[in-house]
Chemist: 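Can you keep this structure in mind? I'll have questions shortly.
All ligand and atom numbering here is 1-based and tracks the order in the structure.
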Amino acid sequence: MRVVARAGAPAGAPGLQQRAFDVASIRRDFPILERHVYGQPLVYLDNAATAQKPRAVIDAISNFYLVSNANIHRGVHRLSEEATGAYEGARAAVRRFLNAREAREIVFVRGATEAINLVAQAYARPLLRPDDEIVVSILEHHSNFVPWKMAAEATGARLRVVPMTDAGELRLDEYERLLSDRTRLVAIGHVSNALGTVNPVAEIVRLAHARGVPVLVDGAQAAPHMRVDVQALDCDFYAFSGHKTFGPTGIGVLYGKAELMDPMPPWQGGGDMISSVTLDEVRYAALPAKFEAGTPDIAGAVGLAAAIEYLEGIDRDAASAHEAALARYAEKRLSEIAGVTVLGRAAQKAGIVSFVMSAAHPHDIGTVLDREGVAIRTGHHCCQPLMHRLGVPATARASFAFYNTFEEADRLAAAVARVKEMFG
Ligand code: C6P
């Protein structure tokens, strides 16, 4: 097994011991990886779309429904207290996971998309005036582009777009040039879902803060795969999704500095987000309840907490190194196949490999690979401006998680070689 194995340092969660990073034993925690597809052992390389769930997550969700299911913050009965404890415990786990200063800086939302929309609606819209500017980058997922476009169109503000090099690295010189007295916010992805580029977000934040501009980081592809410390990054907002972080769908997180979120108005009204309501006046609850109107995804939060505890139990640096090593190995194997071009050659890359073939359209590649038991994503990956910049309509994308193996990367390469045979 070509894997970096080393004893883990003590985990962040109190009382949790990390185990040495061992892919074979980690795979046993993910029941779905034993599946066969079209008679072949499943090779799941679509982790950037959604990651598989360890048994601990599945058990935590079913246990919640089996034993403690109740609504939160409302009942005085025992089950409601247990459910409230589990939900607020999940918030504490996320605070630890991101190293946020306070639990009230953690807002539960549906996913990264909703987190970014919350900031666009409740922070940006009230602030933006005609000719103000929001800086985004050409690498952004539509979730970190469209909400800003909508906010700009509603207010007369403009988007400014940081370009990239042909290797897929952001042009920091251009970024600095784009920052101006008109800039109200910078919104940048931590890791590109389409190319895998790891952006220098700490530097991006530093440059923005030098001009007094706050920064939102879209961490949808980073939080699952690297250690994130929002205080060290000093970002103002950080968004991620539970389902890409080995947790369930329907739950995600917005981290925001309390000093920015305290003055923000709520963006949705309803139960649990008020302190008092009369016919004449509504007073809002304090953070984080102000941004969590209605019954939240309680079981989702419980599942996310279980995913975080699972991640705290493995050596995350070894896991990140393993994912990156798998992706670089896959790139090398794919590049050896005539007619395959790997897109995105940034020096800092996560476990994502995007490629095109002269012989076949990405959708054909995906279909052939599926029949070989290899699950990848094909298409524009919700990054159409980036596809235009690359001059392609779509790519084939293999995205790795720490439970993937070098043998699976070999199966990917063999399946792509088969595409080459079939399509000439
Ligand atoms: N990218 C992909 O296959 P949601 O859908 O809210 O969980 O995450 C949105 C999102 C935001 N930012 C980035 C960088 C992302 O990669 C994603 C989701 C998936 O690449 C599905 S389109």
Chemist: Does Gly189 have a non-hydrogen atom less than 4.0 Å from ligand 1?
Modeler: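 False for this residue.
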Chemist: Using modelled atom types and a 3.5 Å cut-off, is there a donor and acceptor pairing between side-chain atoms of Lys349 and backbone atoms of Ala347?
Modeler: no
Chemist: If hydrogens are left out, which of His380, His142, Lys244 has an atom nearest to atom 19 (C) of ligand 1, that is, the closest non-hydrogen atom?
Modeler: Lys244
Chemist: Hydrogens and angles aside, do His190 and Tyr238 bring a side-chain donor and acceptor to less than 3.5 Å of each other?
Modeler: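 A donor-acceptor contact under 3.5 Å links the two side chains.
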Chemist: Can you list the atoms of ligand 1 that are under 4.0 Å from a heavy atom of Ser241?
Modeler: 4 (P), 6 (O), 7 (O), 8 (O)
Chemist: Contact between Arg397 and ligand 1, counting heavy atoms under 4.0 Å?
Modeler: yes
Chemist: Under 6.0 Å between ring centres, would you say that holds for Phe291 and Phe108?
Modeler: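 For Phe291 and Phe108, the ring centres are not under 6.0 Å apart.
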Chemist: Using a 4.0 Å cutoff against the non-hydrogen atoms of Cys382, which atoms of ligand 1 qualify?
Modeler: 22 (S)
Chemist: Applying a 4.0 Å heavy-atom criterion (strictly less than), which segment of Arg377 is in contact with ligand 1: side chain, backbone, both, or neither?
Modeler: side chain
Chemist: Below 4.0 Å, non-hydrogen atoms only: which portion of Asp218 touches ligand 1? Side chain, backbone, both or neither.
Modeler: side chain
Chemist: Hydrogens and angles aside, do Ser399 and Asn47 bring a side-chain donor and acceptor to less than 3.5 Å of each other?
Modeler: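 Note: Ser399 and Asn47 side chains miss the donor-acceptor criterion.
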Chemist: Any chance the rings of Phe400 and Phe406 have centres within less than 6.0 Å?
Modeler: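 Centroid separation for Phe400 and Phe406: 6.0 Å or greater.
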Chemist: State if Arg110 counts as touching ligand 1 under the rule of any non-hydrogen atom under 4.0 Å.
Modeler: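 Judged by the 4.0 Å heavy-atom criterion, Arg110 does not count as contacting ligand 1.
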Chemist: Looking only at protein heavy atoms, identify the closest one to atom 15 (C) of ligand 1 and say how far it is in Å.
Modeler: His141 CD2, 3.3 Å
Chemist: Under 4.0 Å from a heavy atom of Gln221: which atoms of ligand 1 are those, numbered in the order shown and with their elements?
Modeler: 1 (N), 14 (C), 15 (C), 16 (O), 20 (O)
Chemist: Could you tell me whether some N/O pair between Asn193 and ligand 1 is separated by less than 3.5 angstrom?
Modeler: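 Yes - when backbone and side-chain N and O of Asn193 are compared with those of ligand 1, one distance drops under 3.5 Å.
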Chemist: Using a 3.5 Å distance criterion without hydrogens, assess whether the side chain of Tyr123 forms a donor-acceptor pair with backbone atoms of Met264.
Modeler: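 Side chain of Tyr123 to backbone of Met264, a donor-acceptor pair under 3.5 Å: no, none is there.
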Chemist: Using heavy atoms and a threshold below 4.0 Å, how should the contact between Glu140 and ligand 1 be classified: side chain, backbone, both, or neither?
Modeler: neither
Chemist: Measure His190 to ligand 1 on non-hydrogen atoms and call it side chain, backbone, both or neither using the 4.0 Å cut-off.
Modeler: neither
Chemist: Give the contacting part of Ala49 toward ligand 1: side chain, backbone, both or neither, where contact means a heavy-atom distance below 4.0 Å.
Modeler: both
Chemist: Would you say Glu292 and Tyr87 are linked by a side-chain donor-acceptor pair, where the criterion is simply a distance under 3.5 Å?
Modeler: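 Per modelled atom types, Tyr87 and Glu292 side chains form a pair under 3.5 Å.
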Chemist: Report yes if the distance between the aromatic ring centroids of His142 and His381 is under 6.0 Å, otherwise no.
Modeler: no
Chemist: Can you sort out which atoms of ligand 1 are near Thr113, meaning under 4.0 Å from one of its heavy atoms?
Modeler: 4 (P), 5 (O), 6 (O), 8 (O), 9 (C)
Chemist: Does His381 reach ligand 1 with a nitrogen or oxygen that is under 3.5 Å from one of the ligand's nitrogen or oxygen atoms?
Modeler: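 No: no nitrogen or oxygen of His381 is under 3.5 Å from one in ligand 1.
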Chemist: Got a second to check how far Leu195's CG is from Leu139's CG, nearest 0.5 Å?
Modeler: 6.0 Å
Chemist: Could you walk me through whether Asp166 and Arg345 pass the salt bridge (charged side-chain N to carboxylate O under 4.0 Å, His left out) check?
Modeler: CA-CA 8 Å; Asp166 289 341; Arg345 295 289 194 175; over 6 Å; no
